[in-house]
Amino acid sequence: MELTQAEINERIAILKRFRSLLEQQRNKFREYLKVLESQQGKIELDDGDALMAHAELEQQIVANISSLQKVIEPMQSMYNAAAKTEGVSADDKVSVQKMQADLADLQKKVLKQNEHNRDLLKLHMEQIKSQLEKLRVSNPYRGRQSVYAEVHPVATTISINA
């Protein structure tokens, strides 16, 4: 089967676009991994405000990754269709496979770091709960009635003599 120049150009364009999308996604995953790693330090330092900022940034990056994935999926099917025929060179196939393997590796690292951060947060929350319980138990006023809450008889009738 002989390909026309237009078909070859179309396949080249698909390959270039697919490769650029994979690179964008790889960069987003690297950025996400950096955020997660710096978030780990903020968890250990007990910095609540920085944790909140990291969580917001993390949500933005995840939204970018998912929207990028929506574009990559149809491009990947177009690329796979073009790769089955003679339109994609072996070097291009290898470079795309390498990029996809790199992406899969980054995804595993992100998931591992995310799990580690969740475990740290759980541990930190347990420590805070424990500290609050110790404060509650060691409160010297616990169980005592306030001097301002003592019950005094209150008059119900007022006698006014002029």
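Since this is a predicted model, take the numbers as computed values, not measurements. This chain uses plain numbering: 1 for the first residue, then up along the sequence.
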Exercise for the section: Look at the side-chain heavy atoms of Ile, Leu, Val, Met, Phe, Trp and Tyr, link any pair under 4.5 Å apart, and say whether L121 and M52 land in one connected group. Expected result: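 Per the 4.5 Å side-chain linkage, L121 and M52 are not co-clustered.
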Exercise for the section: Establish whether V71 and I14 are linked, either directly or via other cluster members, by ILVMFWY side-chain heavy-atom contacts under 4.5 Å. Expected result: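 Same cluster: V71 reaches I14 through Ile, Leu, Val, Met, Phe, Trp or Tyr contacts under 4.5 Å.
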Practice task
Using the side-chain contact (heavy atoms from CB on, under 4.5 Å) rule, pick out the option among L68, L103, D105 that qualifies with F29.
Solution key: L103
Exercise for the section: Tell me, with the steps shown, if K122 and M125 meet side chain to side chain contact (heavy atoms under 4.5 Å, CB included). Expected result: CA-CA 5 Å; K122 284 179 187 176; M125 287 179 66; 5.8 Å; no
Do [X] and [Y] have side chains that get closer than 4.5 Å, going by heavy atoms?
{"X": "H116", "Y": "L120", "result": "yes"}
{"X": "F18", "Y": "Q100", "result": "yes"}
{"X": "Q60", "Y": "L57", "result": "yes"}

Fill in the blank from the handout: Residue set satisfying ring-ring contact (aromatic ring centres under 6.0 Å, His included) with Y32, at least two apart, ordered chain then number -> none
Problem - Within 6.0 angstrom of D49 CG, more than 12 heavy atoms from elsewhere - result: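 Not buried by this count: 12 neighbours or fewer within 6.0 Å.
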Problem - Closest approach of R30 to L106 (non-hydrogen atoms, all atoms of both residues) - result: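 Closest approach of R30 to L106: CG-CD1, 3.7 Å.
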Problem - Residue pair A50 / K42: nearest heavy atoms and the distance that separates them - result: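 For A50 and K42, the tightest heavy-atom pair comes out as CB-CD, 3.7 Å.
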Practice task
Let me see the working for Q131 and L135 under side chain to side chain contact (heavy atoms under 4.5 Å, CB included), right down to the final yes or no.
Solution key: CA-CA 6 Å; Q131 288 173 355; L135 281 174; 5.7 Å; no
[X] [atom1] to [Y] [atom2] distance, which is reported to the nearest 0.5 Å:
{"X": "L132", "Y": "I128", "atom1": "CG", "atom2": "CD1", "value": "7.5 Å"}
{"X": "N114", "Y": "R118", "atom1": "CG", "atom2": "CZ", "value": "5.0 Å"}
{"X": "I72", "Y": "R17", "atom1": "CD1", "atom2": "CZ", "value": "9.0 Å"}
{"X": "S20", "Y": "L15", "atom1": "OG", "atom2": "CG", "value": "9.5 Å"}
{"X": "L123", "Y": "Q127", "atom1": "CG", "atom2": "CD", "value": "4.5 Å"}
{"X": "N64", "Y": "N27", "atom1": "CG", "atom2": "CG", "value": "12.0 Å"}

Problem - Electrostatic pair E31-K28, nearest N-O below 4.0 angstrom - result: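 Counted as a salt bridge, because a side-chain N and a carboxylate O are separated by less than 4.0 Å.
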Handout entry: CA sep, side-chain torsions, deciding dist, call: D102, K98, salt bridge (Lys or Arg N to Asp or Glu O under 4.0 Å)
Key = CA-CA 6 Å; D102 190 28; K98 183 180 178 193; over 6 Å; no
Problem - Short side-chain to backbone donor-acceptor contact, S38 and K34, under 3.5 Å - result: yes
Practice task
Please check if any side-chain donor atom of Q40 sits under 3.5 Å from a side-chain acceptor atom of Q113, or the reverse.
Solution key: yes
